[in-house]
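Presented below is the structure to which this report refers.
Proteins come first, then strands; the chains are lettered A, B, ... in the order of their sequence lines, and each starts at number 1. Nothing here was measured: the structure is a model prediction, and the numbers come from that model.
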Protein chains: 2
Amino acid sequence: MRVSTRGQYGLRAMLELALHYAEGPMTLRRVAARQAISESYLEQLLGTLRRAGLVVSVRGVQGGYRLARPPEEIRVGEIIRAVEGPIAPTECVVEGGEPECWRAPHCVSRLLWEKLRDSMLAVLDSTTLADLCAEAEVMTAGARAGVFPHGGRTTSEG
Amino acid sequence: MRVSTRGQYGLRAMLELALHYAEGPMTLRRVAARQAISESYLEQLLGTLRRAGLVVSVRGVQGGYRLARPPEEIRVGEIIRAVEGPIAPTECVVEGGEPECWRAPHCVSRLLWEKLRDSMLAVLDSTTLADLCAEAEVMTAGARAGVFPHGGRTTSEG
DNA sequence: AATATACCCGAGTAAAAAAGTCGGGTTTAA
DNA sequence: TTAAACCCGACTTTTTTACTCGGGTATATT
């Protein structure tokens, strides 16, 4: 029950673009380097994300990628769906899925998978890139103040 | 982000055993037939579940499998863990997992995966086989005297 | 004791998915 | 004109999944 590297890399790349949203387009090369992802593989993913309408690309010399919308308006769920397909623990509970198996009407497990799916969606579709940026902000603020990221304190006096 | 057939079959098999918990051990053959699972594949799974302490087996002529504990005391999460390993959307957030990657301290995505994991655990570890049996009861009550695909009966209740 | 039933188990295999690579093409600022 | 970047489909390798198989062991019954 793992999210693939496509999902993980996709999120990291989008997050990287979100953190530099104010600046112009960011090159594939730079994103790949900062996130330690193979360039050729990331190129695939960014292509997918572009076709899904989540990023826009600028070709040519000063080109690169940027988010198609501000970070507040991009949900993690969208990213995952773009690179991994529908979010569902089983085939039989894909959102808007018609192809119920013959046992669906009396299938108790299916109810469980639905609940699981919904709890996953609750997290993924309620979190935006801006939310994650804010958390990154807190982390780096803590690090700047000499507090290790998993420590409780966010700021320090003086 | 799918649960494998091991997880799905494992749950269905355990649910089958739960529904017949009162009666003696149930044969592999019968479970496989009622849940439409290949016998040899199910045998593997039940072996795993036995080694995990979730079912006990009785060998020989009148043998079969039964739950190691009453349905109230078996959580779905235990079953999934037994047949699929730790429940976590990424390697970096496995419960009790030490091997954090080098980027863990400043990794924002990781926080998200933790939240996702926790929401999954909330569902899987709060649901017992007894809960599912109760839901099955409600379902069959609605369809009482109705048609069952396998002509199955739920309990030995008169 | 023989037998049939039923669990036990490791090894093996085929198919699918995941992960990542490659080479050649197009756009565009300088 | 050139070099920086994106574009894209096809290809390969690796890993995981989903099974199958064949022979072994325990045991109730006859």
- Message: Could you tell me how far apart B:Gln8 (CD) and D:dT17 (P) are, to the nearest whole angstrom?
- Response: 13 Å

- Message: Can you work out whether A:Arg51 or B:Val61 has the more 5'-proximal nearest nucleotide on DNA chain D?
- Response: A:Arg51

- So do B:Glu135 and B:Val138 actually touch side chain to side chain, heavy atoms under 4.5 Å? no

- Heavy atoms only: give me the nearest A:Arg66-A:Pro25 pair and the separation to one decimal. CB-CA, 4.3 Å

- Item | Residues touching DNA chain D, which here means a heavy atom under 4.0 Å, drawn from residues 37-50 of chain A | A:Glu43, A:Gln44, A:Arg50

- Atom pair CG (A:Leu42) and CG (A:Leu46), whose distance is rounded to the nearest 0.5 Å: 4.5 Å

- Message: Tell me whether the count of non-hydrogen atoms from other residues, nucleotides or ligands lying under 6.0 Å of CZ in A:Arg30 goes above 12.
- Response: yes

- Message: For a quick check, tell me whether the side chain of B:Arg59 and the base of D:dT25 share a donor-acceptor pair closer than 3.5 Å.
- Response: yes

- Task: Could you say whether B:Gln62 or A:Val3 is positioned toward the 5' end of DNA chain C, judged by the nucleotide with the nearest heavy atom to each?
- Result: B:Gln62

- Message: For a 4.5 angstrom cut-off between non-hydrogen side-chain atoms, does A:Val31 reach A:Glu39?
- Response: no

- Query: Hey, where on DNA chain C does chain B first and last touch, going 5' to 3'? Cut-off is any atom under 4.0 Å from a heavy atom.
  - Reply: C:dA4 to C:dA11

- Residues A:Arg110 and A:Glu114 bridged, charged N to O under 4.0 Å: yes

- Item | All side chain to side chain contact (heavy atoms under 4.5 Å, CB included) counterparts of A:Thr90, not counting sequence neighbours | A:Cys92, A:Val93, A:Trp113, B:Val3, B:Gln8

- Message: Are more than 12 heavy atoms, taken from residues, nucleotides or ligands other than B:Glu73, located less than 6.0 Å from that residue's CD atom?
- Response: yes

- Task: Could you tell me whether the phosphate oxygens of D:dT17, OP1 or OP2, come under 4.0 Å of any side-chain nitrogen or oxygen in B:Tyr9?
- Result: no

